[in-house]
K.L.:
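Dropping a structure here in structure tokens format, bear with me for questions.
These figures come from a predicted structure and were not determined experimentally.
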Amino acid sequence: NSNDHPQHLYYATLLNILLRTKERHHGGSYIIIPEDITMSDARLVDRVTIKYLTEGPPVWENLLEEAACTSEFYDLLFPEDVPVTRRRAVTKRRADPEALHYAHQRIQDRQRKIHDFELFASSLSGVDGAVVMTKRFKIIGFGAEITAVSPTLSSIRLAADASGTK
């Protein structure tokens with residue numbers, strides 16, 4: 001289902017980061033935090049010590065654009081599957097091989113940028129300590145150590161599925 005592509009792309013990116021980390025044969029840990037937690041947030045400060053603060057290349061926009069470009073590409077390739085509300089605009093472009101080629105190039109460009117990010121994130125895992133990033137893959141820092149005692153920690157939850165809902 002094409003509506004599932006953004007979710008598949010997200011988890012594929014996360015999986016690729018982990019696989020590239022594994023390929024380096026040096027271990028690696030990742031701490032993934034919600035977007036609303038900042039470097040000065042007590043929930044982070046008293047639980048994790050980050051040796052090296054950094055910002056990696058922004059990848060979230062490339063993930064969104066790759067998903068949009070892929071949708072556009074398949075709309076051009078299979079116009080009969082386009083919902084009626086969007087069909088007129090797509091049908092006009094359907095016979096244009098240049099539009100299809102351009103959409104494919106845009107997908108490849110975004111995929112290269114995502115791949116570069118995956119390599120960058122996995123390279124940070126080689127430093128002793130964890131890589132800290134947000135759910136949208138914004139890198140906060142690396143070389144992080146989890147603090148054993150936290151005055152504000154009241155509970156710990158274990159996720160039983162990939163989305164963390166169970």
Side-chain angles (χ1 to χ4, degrees), residues 1-75 102-166:
N1 183 347
S2 64
N3 293 332
D4 293 337
H5 179 70
Q7 183 177 13
H8 290 292
L9 181 60
Y10 178 86
Y11 286 114
T13 301
L14 184 56
L15 179 62
N16 287 337
I17 291 169
L18 298 175
L19 290 173
R20 282 168 179 67
T21 299
K22 181 181 175 187
E23 289 169 359
R24 294 176 182 276
H25 301 289
H26 55 61
S29 300
Y30 293 87
I31 300 171
I32 301 175
I33 61 175
E35 294 300 311
D36 65 332
I37 295 181
T38 65
M39 284 306 307
S40 59
D41 192 312
R43 294 172 292 175
L44 182 62
V45 172
D46 70 353
R47 293 184 178 102
V48 177
T49 302
I50 304 172
K51 293 179 194 169
Y52 309 103
L53 299 175
T54 187
E55 284 192 28
V59 73
W60 188 251
E61 286 299 319
N62 287 306
L63 289 165
L64 295 177
E65 290 172 16
E66 195 279 353
C69 291
T70 297
S71 178
E72 177 187 347
F73 178 80
Y74 283 106
D75 285 354
Y102 177 67
H104 187 256
Q105 282 182 320
R106 289 175 48 216
I107 292 169
Q108 288 181 318
D109 179 56
R110 297 320 179 272
Q111 288 174 340
R112 274 190 296 277
K113 290 178 181 178
I114 294 166
H115 175 77
D116 290 347
F117 174 82
E118 294 165 352
L119 292 174
F120 175 75
S122 68
S123 72
L124 297 177
S125 71
V127 176
D128 190 30
V131 177
V132 180
M133 69 172 84
T134 68
K135 289 182 178 182
R136 292 186 177 181
F137 300 118
K138 178 182 176 191
I139 294 178
I140 305 297
F142 60 102
E145 296 176 358
I146 298 173
T147 307
V149 178
S150 169
T152 61
L153 183 62
S154 61
S155 67
I156 296 175
R157 294 184 224 153
L158 179 63
D161 66 350
S163 64
T165 57
K166 295 181 183 175

K.L.:
Output all residues satisfying side-chain hydrogen bond (donor to acceptor under 3.5 Å, both in side chains) with T54, sequence neighbours left out; order by chain, then residue number.
P.N.:
none
K.L.:
Answer with yes or no whether the side chains of T134 and E35 bring together a donor and an acceptor at under 3.5 Å.
P.N.:
yes
K.L.:
Could you list the residues that satisfy ring-ring contact (aromatic ring centres under 6.0 Å, His included) with Y52, not counting sequence neighbours?
P.N.:
F142
K.L.:
Any donor-acceptor pair under 3.5 Å linking the side chain of R106 with the backbone of Y102?
P.N.:
no
K.L.:
OG1 of T70 to CD of Q111: how many Å apart, nearest 0.5 Å?
P.N.:
6.5 Å
K.L.:
As an exercise, state the distance from OG of S29 to CD1 of I146, rounded to the nearest 0.5 Å.
P.N.:
7.5 Å
K.L.:
Could you check whether any side-chain heavy atom of L53 comes within less than 4.5 Å of a side-chain heavy atom of M39, counting everything from C-beta outward?
P.N.:
yes
K.L.:
Could you pull out every donor-acceptor pair under 3.5 Å between side chains of residues 123-130 and any protein atom, sequence neighbours left out?
P.N.:
residue: S123; atom: OG; partner: F120; partner atom: O; Å: 2.6
residue: S125; atom: OG; partner: S122; partner atom: O; Å: 2.5

K.L.:
Is Q7 atom CD crowded by more than 12 heavy atoms from other residues, nucleotides or ligands, each under 6.0 Å away?
P.N.:
no
K.L.:
Compare all side-chain heavy atoms of I31 with those of V131 and state whether any distance is below 4.5 angstrom.
P.N.:
no
K.L.:
Which atom names give the shortest non-hydrogen contact between A67 and L9, and what distance separates them?
P.N.:
N-CD2, 4.2 Å
K.L.:
If you round to the nearest 0.5 Å, how far is CG of L15 from NZ of K22?
P.N.:
10.0 Å
K.L.:
Within the structure provided, determine whether Y30 and L14 are in side-chain contact (heavy-atom separation under 4.5 Å).
P.N.:
no
K.L.:
Which pairs would a plain distance check flag for residues 112-119, meaning a side-chain donor or acceptor within less than 3.5 Å of a matching protein atom at least two apart in sequence or in another chain?
P.N.:
residue: H115; atom: ND1; partner: R20; partner atom: NH2; Å: 3.2
residue: E118; atom: OE2; partner: N16; partner atom: ND2; Å: 3.2

K.L.:
Heavy-atom distance under 4.5 Å between the side chains of D46 and T147, does that happen here?
P.N.:
no
K.L.:
Closest approach of T21 and G28, non-hydrogen atoms and distance?
P.N.:
CG2-CA, 3.8 Å
K.L.:
Not counting sequence neighbours, which residues clear ring-ring contact (aromatic ring centres under 6.0 Å, His included) with F137? List them please.
P.N.:
Y10
K.L.:
Which residue pairs pass the salt bridge (charged side-chain N to carboxylate O under 4.0 Å, His left out) test with at least one member in residues 132-141, sequence neighbours excluded?
P.N.:
none
K.L.:
What residue among E66, E72, E65 forms salt bridge (Lys or Arg N to Asp or Glu O under 4.0 Å) with R110?
P.N.:
E65
K.L.:
Find the distance between CD1 (I50) and CG (L44) and round it off to the nearest 0.5 Å.
P.N.:
5.0 Å
